[in-house]
Amino acid sequence: MNELKQTLSSILLQILQKDYSNEIQHVDLQPTRKDFEGDLTYTVFPLVKITRKAPELLGQEIGEKLLVSTPDLVEKFNVIKGFLNISIRKSYFLTKLVERYQSGHFISATAEPQHIMVEYSSPNTNKPLHLGHIRNCLLGWSVSRLYEAIGHTVYRVQIINDRGIHICKSMVAWQKFANGATPASTGIKGDHFVGDYYVLFEKEYKQQVSELIQQGVPEEEAKEQAPIMREAREMLVRWEQNDPATLELWNKMNSWVYEGFDRTYARLGVSFHKNYYESQTFLLGRDIVQHGLEKGIFYKKEDGSVWIDLTADGLDHKLLLRRDGTSVYITQDIGTAIARFEEFPIQKLIYTVANEQDYHFKVLFLILKKLGYSWADHLYHLSYGMVELPHGRMKSREGTVVDADDLLDEMEKTSAELTAQFGKAEGLPEDEKRQLYTTIGHGALKYFILKVDPRKKMIFNPEESIDFNGHTGPFIQYTHARISSLLHRAESVSIPTESTELNEEEYHLLKSLLLYSDTVHKAAAEYNPSELANYLYEVARLYNSMYQKHSILTAESIEKKQLRIFLSDCTRIVLNQGLDLLGIKTPERM
RNA sequence: GGUCCGGUAGCUCAGCUGGAUAGAGCAACUGCCUUCUAAGCAGUAGGUCAAAGGUUCGAAUCCUUUCCGGAUCACCA
């Protein structure tokens, strides 16, 4: 479609420059609104001034010239007010789709394939994954798939925050309250198990603080002094001193968590080429600080702390090394970025992190640029809005966090109920039934999340179940299943003849199918899977519209039957591939 | 307070590199299963595109101001 637009634009430009004014630098064609006849529209208003001709007349003139110079492409045109609506020969569209079908490539490959790293998920090890992580994972996964689809090589990574006070809290609580219990002994999934002790810690801590306050200790001090918090801090110190017993406990509890994460990731259908662990990266970046000091990019205060002055760039002063010489988060991020570019042959690095860290990444990228890394311009923060509940943010302290596993369970359950109610799974063996419920339930959830522009925050209402009708994943899956079943009945798919007449529904569907490649490229370029998600819905809607109105297997002629079966197969391929890029599976029946 | 992001139907969202009468879905109401899967299709109703100025042939879209919501500006991560 882009290709067509470009060809026609340049032809039109030549005409305009030759016959009207060579001041004209480029012409912009836009898709014709669906209430009007035509495929592409040229707006003549800007020319009215130059030529001093009436818009209608001007449109007519240009239209005729275009028709004469491209009789094989332009079929006819009409002018309404200042809008020149150009109709392309329908055979052009059909030929294009046939080309793609026969080549087996519905998506054109990028001219410059790159190696790209996508970081996503990146959880802490003190609690299980929640709805926010789900959005993160789905976005990271889908964006990485989009890049692969257009021909890039992608490395998926996560950085796990496995060290620090948070995990020490879980460790202390486990020592105090668990009596040696383990995920195995209790049957609780490892990440939930460890998370439970984190909650226990917070509960006990809160209790101790309020007791201290009652004894007359000021709040600030009480928070510092609470015995259980002191224990956690001591634990952290021992960890930093490599105390064997502490490390052993730490390793043990983290391994429980990882086992749990792995199960959730598997359910979500996401995976990683490499995991980074903060316990191994937190010292990175410190030598860079020395380097930056020598180059005069950083400066040292009297107390020994190291800073960078970013006020000239509209930002603040930022700390890089504490006065005791230990590093902060951003120092580690600097080091990790450098390490990644050394370790992998990548040209580009994408961080999938919520928009609450917009400032952090702005600073990080700026510092790396100032340090002179050529790749600093190819860092991208895929910033997404937080998932909120109707009453505001999810808060773990108030227990309003929507747990990832619970949500997946619920989606599967709802899916099973609906499927049974419709009688869609009758006759299937038990394991296939289960698989189908999962496919549909997860499809509903994933589509629900991915159809929203990543930059926008989204509201999730746990009271209202996620829809399975209308603008949803299951709707698209259903369309796919419908087509699969239809094609199963059709003996074969054959290539339609170019001269086949197209009715309105066939024509709209055909045109929308041709937008697939451009849409995938656009979605990748904009790091925005919702672009693709919304497009797939449109395709499915147009298909259903055709399906409902015109018989396919018993079409009025063999020619029509061939055409519709062909369009059906193309739709099936686009929906199947497209949903796959969103991490959504497509059932053969439902 | 500074910076950044958002505000479109009752609800959830498209449209935002300026173009014609602002689109879907849900919820509500009408029709359509003896014919390829009704998780579907066709239709009705629902809008001061937060507000006011400006730019221009033309603004939901660009600029300015204001209002509302959120994030961020730590020797936290």
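Letters A, B, ... mirror the listed sequences (proteins, then strands); counts begin at 1.
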_Contact pattern, 5' to 3', of nucleotides 20-25 of chain B - B, S or - by protein heavy atom under 4.0 Å_ = BS-SSS
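- Evaluation of A:Tyr329 against the base of B:A77 yields a stacking contact (centre distance < 5.5 Å, interplanar angle < 30°).
- One can place CD of A:Gln548 at 10 Å from P of B:A39, the figure rounded to the nearest angstrom.
- With both pairing distances under 3.5 Å, B:U30 is matched to B:A42 as a Watson-Crick or G-U wobble pair.
- A:Val48 comes within 4.0 angstrom of no nucleic acid atom, judged by non-hydrogen atoms across all strands.
- A:Val44 is listed as a side-chain neighbour of A:Ile62, based on a closest heavy-atom distance under 4.5 Å.
- Under the stacking criterion of a centre-to-centre distance below 5.5 angstrom and an interplanar angle below 30°, A:Phe422 is not stacked against the six-membered ring of B:A39.
- Annotation: cation-pi geometry satisfied between A:Lys301 and A:Trp307 (NZ/CZ under 6.0 angstrom from ring centroid, within 45° of ring axis).
- Separation of the P atoms belonging to B:U12 and B:U21 is 29 Å when rounded to the nearest angstrom.
- Between A:Arg163 and A:Glu278, the shortest heavy-atom distance links the atoms CD-O, 3.8 Å.
- Taking the P atoms as reference points, B:A14 lies 13 Å from B:A9, given to the whole Å.
- The residue among A:Lys301 and A:Glu464 whose nearest nucleotide of RNA chain B is located toward the 5' end is A:Glu464.
- In this structure, of B:A71, B:C36, B:A77, it is B:A77 that holds the atom nearest to the side chain of A:His360.
- Nucleotides B:C36 and B:A20 have their P atoms positioned 42 Å apart, rounded to a whole Å.
- Classification of the A:Trp239-A:Trp250 ring pair by plane angle, with boundaries at 30° and 60°, yields perpendicular.
- Rounded to whole Å, atom P of B:U3 lies 21 Å from atom NE2 of A:His381.
- Nearest to the side-chain atoms of A:Phe475 among the listed nucleotides B:A42, B:G40, B:U37 stands B:G40.
- A:Ile440 comes within 4.0 angstrom of a base, heavy atoms only.
- If you check every strand for non-hydrogen atoms under 4.0 Å, A:Met386 touches nothing.
- Cation-pi geometry between A:Arg455 and A:Tyr384 is not met: the NZ or CZ atom fails to fall both under 6.0 Å from the ring centre and inside 45° of the normal.
- In this entry the distance linking NZ of A:Lys53 with C1' of B:C57 reads 18 Å, nearest Å.
- At a threshold of 4.0 angstrom between heavy atoms, the contacts of A:Glu278 are confined to the sugar-phosphate backbone, with no base atom among them.
- Between A:Arg230 and A:Glu234, none of the side-chain N atoms (NZ, or NE/NH1/NH2) sits under 4.0 Å from a carboxylate O, so this pair counts as no salt bridge.
- B:G47: no Watson-Crick or G-U partner with both key distances under 3.5 Å is found in any strand.
- Residue A:Pro46 is in base contact, counting any heavy-atom pair closer than 4.0 Å across all strands shown.
- Taking atom C1' on both nucleotides, B:G18 is separated from B:C62 by 7 Å, rounded to a whole Å.
- Applying the 90° cutoff around 0 to the glycosidic angle, B:C73 is assigned anti.
- Within 4.0 Å of A:His317, counting heavy atoms only, lies no atom of the nucleic acid at all.
- The residue A:Lys424 sits close to a base: some heavy atom pair falls under 4.0 Å.
- Look at B:C11: its Watson-Crick or wobble partner, with both distances under 3.5 angstrom, is B:G25.
- Considering only side-chain N and O atoms, A:Lys456 lies under 4.0 angstrom from the phosphate OP1 or OP2 of B:A14.
- Proximity of A:Asn275 to A:Val157: side-chain heavy atoms (C-beta onward) are nowhere separated by under 4.5 Å.
- Across all strands shown, A:Ala354 has no heavy atoms under 4.0 Å from either base or sugar-phosphate atoms.
- Of the C1' atoms belonging to B:C5 and B:C16, the separation is 15 Å, rounded to the nearest Å.
- Within the structure, a side-chain polar atom (N or O) of A:Arg322 is placed less than 4.0 Å from OP1 or OP2 of B:A77.
- For the C1' atoms, the distance from B:G10 to B:G47 is 12 Å, rounded to whole Å.
- At the phosphate of B:A39, neither OP1 nor OP2 sits under 4.0 Å from any side-chain N or O atom of A:Thr419.
- Among the heavy atoms of the strands lying under 4.0 Å from A:Phe45 is at least one base atom, whether or not backbone atoms are also near.
- In this structure, the OH atom of A:Tyr535 is 16 Å from the P atom of B:G15, given to the nearest Å.
- Residue A:Glu588 is classed as a base contact, given a heavy-atom separation below 4.0 Å to a base.
- Remark: B:G19 base-pairs with B:C57. Criterion, Watson-Crick or G-U wobble with two distances under 3.5 Å.
- Pairing for B:C4 is with B:G70, a Watson-Crick or G-U wobble pair whose two hydrogen-bonding atom distances lie under 3.5 Å.
- What separates NZ of A:Lys318 from P of B:A77 is a distance of 10 Å, to the nearest Å.
- For the pairing with A:Glu505, the salt bridge (Lys or Arg N to Asp or Glu O under 4.0 Å) check across A:Arg541, A:Arg564, A:Lys549, A:Lys560 returns one residue only, A:Lys549.
- Between A:Phe45 and A:Phe83, the ring-plane angle classifies as perpendicular under the 30° and 60° cut-offs.
- When the P atom is used for both B:G7 and B:U17, the distance is 14 Å, rounded to whole Å.
- For the pair A:Asp569 and A:Arg572, the salt-bridge criterion is met [side-chain N within less than 4.0 Å of a carboxylate O].
- Spacing between atom CD of A:Glu538 and atom P of B:A14 amounts to 15 Å, rounded to whole angstrom units.
- The gap from the P atom of B:U44 to that of B:G1 amounts to 49 Å, rounded to the nearest Å.
- Listed here is the closest heavy atom pair of A:Glu37 and A:Asn78: O-ND2, 2.9 Å.
- At B:A38, one or more side-chain N or O atoms of A:Arg482 fall inside 4.0 Å of OP1 or OP2 (strictly under the cut-off).
- The nearest heavy atom of RNA chain B to A:Ala481 and to A:Trp307 marks one nucleotide each, and the one closer to the 5' end goes with A:Ala481.
- Candidate nucleotides B:U3, B:C36, B:C73 were compared by shortest atom distance to the side chain of A:Tyr359, and B:C73 ranks first.
- Put simply, A:Ser485 has a side-chain N or O that comes within less than 4.0 Å of OP1 or OP2 on B:U37.
- Between A:Tyr351 and A:Phe361, the angle of the ring planes lies from 30° to 60°, which puts this pair in the tilted group.
- Within the nucleic acid shown, A:Arg393 comes within 4.0 Å of sugar-phosphate atoms alone, with no base atom in reach, counting heavy atoms only.
- Atom CG in A:Asn461 sits roughly 13 Å away from atom C1' in B:C26 (whole-Å rounding).
- Per the geometry, CG belonging to A:Leu418 stands 10 Å off P belonging to B:A39, to the nearest Å.
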